[in-house]
Asker: 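Mind having a look at this structure? Questions to follow.
Since this is a predicted model, take the numbers as computed values, not measurements.
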Amino acid sequence: MRKKHHFKKKPSLFKKWTGKLHLWFGLSIGLIIFIVSITGTLFVFKDEVENFTRKDVIYHKEQNIAKKKILPIRVLEKMVDEQVKEKYKIHWVNVPIDKKMSYQFWWYEHNTEAWNYFDEFPIYKSAYVNPYTGKVLKVYDEKVGFFQIVKSIHWSFLLKQDWGKYVVGIPVIIFVIMLISGIILWWPKNKAARKQRFSFKWKNIKSWKRKNYDLHNVLGFYASIFALIFSITGLFYAFFVVQAMIYFIFSGGSTVYPDFSHITTKAPIEMRTETTLDKVISTTQAKYPDSYGFAIDLGHPHMDDHEHPNFSVFVKHLSYSYHKNSSLIFDENSGELLHTYNHEDKNFGEKTVAANYDIHVGSILGLPTKIIAFIVSLICASLPVTGFLIWWGRRKKTKKAV
């Protein structure tokens, strides 16, 4: 009696070439995707780590503040300059709404002629300052800080941002194609196959190759949707076409982003005094008493100066996220408020664009989405490793058979 032979059904030509494409792309960009993913993983909890390590200076601990007045901003600027003694002018100051918190003064210069991160930013420092006394509590060289280096590697591999972002961006486009091809390859043919694709069936499995294969497939599937979201929000910063596409889709087909460049300073420069910025600060504080804080540019010339159509103040409403924000336009000579643009006034396209950073780093809903971003980034970092081991295992098997 003849034995029946069960022949395994060959994959379709489409799946065969999808598999080859997935492999070739994986071998070519695997290391880059690993570095981008692992740096993304490390960056997720930046705020939590810094809030803990800097807690002694984030809050100034000044006593009886209800009976004291915050010093004028130009007085504070001079006192900070005298204590820190930097050759560059202070660029801007972060003003918190919470009176118990320190002001944060920033030095930031951008050399557009440089070719790498360290030369591109001659200075990138911050100083935490007691606004009641003008005392500098601590200065941080953000340029060489752990998270800033991690961010720059993630963003541009420590190359100049203008073109370094493409060194990262192009492999990420390929990674998006790989995620889609991975889902196609994962897609089960029938019910029996479906049962094996959603979880690990390791009860009687001893082979590390099989376990590695399952890690790549099962984890890759569960992470794929979030990985696509994180990849596209990352491409937002590398390619303007992605920004335009996101705005177009979520604004309902609008191609024109709101423009307020026509709202400009009209008052004569003679009206500008040492107290003009104090007027801007007090107006902002009065309008948004429940916000987290805002940033004020101190108005000095800088290395990469470009045209600023108007003097605007960015108001951050939440401590953990940037997506909910408002902007105010002031006459920089008189300090008069010219225009208010609240979060509620924006169309859905603007809100989506504003939320891009928070979606990308996982801070959009606070800690829960940060945990998701951390886990997904870690899985994305593992995919090139498990994928390479699958290929290496099959290669060795093929050589043995020959």
Asker: Does Arg54 qualify as a cation-pi partner of Tyr128, given the criterion of NZ or CZ under 6.0 Å from the six-membered ring centre and within 45 degrees of its axis?
Answerer: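 Because its charged atom misses either the 6.0 Å distance or the 45° angle limit, Arg54 does not stack over Tyr128.
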Asker: Rounded to the nearest 0.5 Å, what separates atom CD in Gln63 from atom OH in Tyr132?
Answerer: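 Nearest 0.5 Å value for the CD-OH distance: 11.5 Å.
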Asker: Around Phe25, counting heavy atoms of other residues, nucleotides and ligands shown, do more than 12 lie under 6.0 Å from its CZ?
Answerer: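 Count over threshold, so yes.
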Asker: Determine whether more than 12 heavy atoms belonging to other residues, nucleotides or ligands lie under 6.0 Å from atom NZ of Lys61.
Answerer: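 Atom NZ in Lys61 is packed in, count exceeds 12.
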Asker: Would a distance-only check, ignoring hydrogens and angles, find a side-chain to backbone donor-acceptor pair under 3.5 Å from Thr276 to Arg272?
Answerer: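 The answer is no, because no donor-acceptor pair under 3.5 Å joins these two groups.
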Asker: Return yes if a side-chain donor-acceptor contact under 3.5 Å exists between Tyr237 and Asn356, otherwise no.
Answerer: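 The answer is yes; a qualifying pair exists.
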Asker: Could you tell me whether a side-chain N or O of Ser377 sits under 3.5 Å from a main-chain N or O of Phe374, the two making a donor and an acceptor?
Answerer: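 Not at all, since once roles are kept as given, no pair shorter than 3.5 Å links the two residues.
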Asker: For a quick check under 3.5 Å, do Asn217 and Asp214 share a side-chain donor-acceptor pair by atom type?
Answerer: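 Not at all, the side chains of Asn217 and Asp214 share no donor-acceptor pair under 3.5 Å.
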Asker: Less than 4.5 Å apart, side chain to side chain, heavy atoms only: is that true for Phe330 and Leu277?
Answerer: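 No. Closest side-chain heavy atoms not under 4.5 Å.
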Asker: Please report whether the ring centroid of His317 lies less than 6.0 Å from that of Tyr292.
Answerer: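 Between His317 and Tyr292, which both carry aromatic rings, the centre distance is not below 6.0 Å.
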Asker: Heavy-atom count around Lys68 NZ within 6.0 Å, excluding the residue itself: above 12?
Answerer: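 For Lys68, atom NZ is crowded (more than 12 foreign heavy atoms under 6.0 Å).
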Asker: Is any side-chain N of the basic residue among Glu274 and Lys78 closer than 4.0 Å to the acidic one's carboxylate O?
Answerer: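 A salt bridge is present here (some side-chain N lies under 4.0 Å from a carboxylate O).
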Asker: Cut-off 3.5 Å, side chains only: do Lys346 and Asn325 have a donor facing an acceptor?
Answerer: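 A pair is found: one side chain offers a donor N or O, the other an acceptor, under 3.5 Å apart.
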Asker: Does a donor on one side chain and an acceptor on the other come within less than 3.5 Å for Ser126 and Glu142?
Answerer: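 Their side chains do contain a donor-acceptor pair, which is all the 3.5 Å distance test asks for.
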Asker: On a heavy-atom basis, which atom in Ala227 and which in Val376 lie closest, and how many Å separate them?
Answerer: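 That would be N-CG1, 3.9 Å.
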Asker: Decide if the gap between the ring center of Tyr88 and the ring center of Trp107 is smaller than 6.0 angstrom.
Answerer: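 So the answer is no for these two rings.
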Asker: Could you check whether Tyr341 and Glu350, counting side-chain N and O atoms only, form a donor-acceptor pair closer than 3.5 Å?
Answerer: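 Present: a donor and an acceptor within the cut-off.
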Asker: Taking the six-membered ring for Trp, are His360 and His154 closer than 6.0 Å centroid to centroid?
Answerer: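 Under 6.0 Å, so yes.
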Asker: Yes or no on side-chain contact (heavy atoms from CB on, under 4.5 Å) for Ile32 and Phe175, after CA distance, side-chain angles and deciding distance?
Answerer: CA-CA 10 Å; Ile32 293 174; Phe175 182 60; over 6 Å; no
Asker: Would you kindly say whether Glu62 and Asn130 are connected by a side-chain donor-acceptor distance under 3.5 Å?
Answerer: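 Checked: Glu62/Asn130 side chains pair up, N/O donor to acceptor below 3.5 Å.
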Asker: Under 6.0 Å between ring centres: does that hold for His91 and His302?
Answerer: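 Under 6.0 Å, so yes.
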Asker: Test side-chain contact (heavy atoms from CB on, under 4.5 Å) on Phe311 and Thr264 and set out the steps.
Answerer: CA-CA 8 Å; Phe311 186 82; Thr264 58; over 6 Å; no
Asker: How long is the gap from CD on Glu270 to CG on Asn333, to the nearest 0.5 Å?
Answerer: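 Atom-to-atom, Glu270:CD and Asn333:CG are 8.0 Å apart.
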Asker: Has Phe226 got more than 12 heavy atoms of other residues, nucleotides or ligands less than 6.0 Å from its CZ?
Answerer: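 Result for CZ/Phe226: open.
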Asker: How many angstroms lie between OG in Ser326 and CG in Asn342, if you round to the nearest 0.5 Å?
Answerer: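 Nearest 0.5 Å value for the OG-CG distance: 4.0 Å.
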Asker: Tell me if the NZ atom of Lys160 is crowded by more than 12 foreign heavy atoms within 6.0 Å.
Answerer: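 Counting neighbours around NZ of Lys160, more than 12 heavy atoms of other residues, nucleotides or ligands fall under 6.0 Å, so yes.
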Asker: Tell me whether Lys370 is salt-bridged to Glu48, with the criterion being a basic N under 4.0 Å from an acidic carboxylate O.
Answerer: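 Salt bridge flag = yes for Glu48 with Lys370.
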Asker: Kindly determine whether Tyr322 and Lys316 satisfy side-chain contact (heavy atoms from CB on, under 4.5 Å), including the steps that lead there.
Answerer: CA-CA 6 Å; Tyr322 289 90; Lys316 185 183 177 189; 3.8 Å; yes
Asker: State, to 0.1 Å, how close Val313 and Ile296 come at their nearest heavy-atom pair, and which atoms those are.
Answerer: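 Looks like CG2-CD1, 3.6 Å.
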Asker: Answer with yes or no after comparing the ring centroid distance for His110 and Phe121 against a 6.0 Å cut-off, counting only values under it.
Answerer: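 Centroid separation for His110 and Phe121: below 6.0 Å.
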Asker: Can you say whether the rings of His22 and His216 are parallel (under 30°), tilted (30 to 60°) or perpendicular (over 60°)?
Answerer: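 Judged by the thresholds at 30° and 60°, the geometry between His22 and His216 is perpendicular.
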Asker: For the residue pair Val315 and Thr284, establish whether any side-chain heavy-atom pair is separated by less than 4.5 Å.
Answerer: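 Yes, at least one pair of side-chain atoms sits under 4.5 Å.
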Asker: Describe, in one word, how the ring planes of Phe388 and Trp391 are oriented to each other, choosing from parallel (under 30°), tilted (30 to 60°) and perpendicular (over 60°).
Answerer: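 Rings of Phe388 and Trp391: tilted, 30 to 60°.
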Asker: Answer yes or no: is there a donor N or O on one side and an acceptor on the other, between the side chain of Asn116 and the main chain of Asp119, under 3.5 Å?
Answerer: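 Side chain of Asn116 to backbone of Asp119, a donor-acceptor pair under 3.5 Å: yes, one is there.
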Asker: Determine whether a donor-acceptor pair (N or O, by modelled atom type, separation under 3.5 Å) exists between the side chain of Asn310 and the backbone of Phe260.
Answerer: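 Looks like yes, one N/O pair under 3.5 Å.
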Asker: Does Thr386 reach the main-chain N or O of Leu383 with its side chain, forming a donor-acceptor pair under 3.5 Å?
Answerer: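 A pair under 3.5 Å: yes.
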Asker: Is the centre of the Tyr117 ring less than 6.0 Å from the centre of the Trp155 ring?
Answerer: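 Not under 6.0 Å, so no.
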Asker: Ignoring hydrogens, what is the shortest heavy-atom contact between Pro96 and Tyr103? Give both atom names and the distance.
Answerer: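 Reported closest heavy-atom pair: CD-CD1, 3.6 Å.
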Asker: Indicate yes or no for a side-chain donor-acceptor contact from Ser156 to the backbone of Leu159 under 3.5 Å, with no hydrogens or angles considered.
Answerer: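 Yes; at least one donor-acceptor contact below 3.5 Å.
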Asker: Without swapping roles, check the side chain of Lys143 against the backbone of Phe118 for a donor-acceptor pair under 3.5 Å.
Answerer: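 Yes: the side chain of Lys143 pairs with the backbone of Phe118.
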Asker: As an exercise, state the distance from CE of Met303 to CD of Glu120, rounded to the nearest 0.5 Å.
Answerer: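 So the gap between those two atoms works out to 10.5 Å.
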Asker: Aromatic ring centroids of Phe314 and Phe294 under 6.0 Å?
Answerer: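 No, the ring of Phe314 stays outside the 6.0 Å limit from the ring of Phe294, centre to centre.
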Asker: Determine whether a donor-acceptor pair (N or O, by modelled atom type, separation under 3.5 Å) exists between the side chain of His60 and the backbone of Lys99.
Answerer: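 Indeed, once roles are kept as given, a pair shorter than 3.5 Å links the two residues.
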Asker: Can a donor-acceptor pair be found, under 3.5 Å and without considering hydrogens, that links the side chain of Asp331 to the backbone of Ala267?
Answerer: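 Pair found, side chain donor or acceptor close to backbone of Ala267.
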Asker: Can you name the closest pair of heavy atoms from Leu71 and Leu76 and give their distance?
Answerer: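 That closest heavy-atom pairing would be O-CD1, 3.6 Å.
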Asker: Using a distance-only test with no angle check, is there a side-chain donor-acceptor pair under 3.5 angstrom linking Asp358 and Ser363?
Answerer: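 Judged by distance alone, the side chains do pair up.
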Asker: If the plane angle is over 60° it's perpendicular, under 30° parallel, otherwise tilted; pick one for Phe239 and Tyr166.
Answerer: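 Phe239 vs Tyr166 ring planes: tilted.
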Asker: Let's go through Phe147 and Leu42 carefully: what are the C-alpha distance in whole Å and the side-chain angles of both, what is the deciding distance for side-chain contact (heavy atoms from CB on, under 4.5 Å) to 0.1 Å, and is it a yes or a no?
Answerer: CA-CA 8 Å; Phe147 286 109; Leu42 292 170; 5.5 Å; no
Asker: For Lys279, does the NZ atom have more than 12 heavy-atom neighbours from other residues, nucleotides or ligands under 6.0 Å away?
Answerer: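 Yes.
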Asker: May I ask you to decide if Ile73's main-chain N or O and Asp278's side chain share a donor-acceptor pair within less than 3.5 Å?
Answerer: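 Yes.
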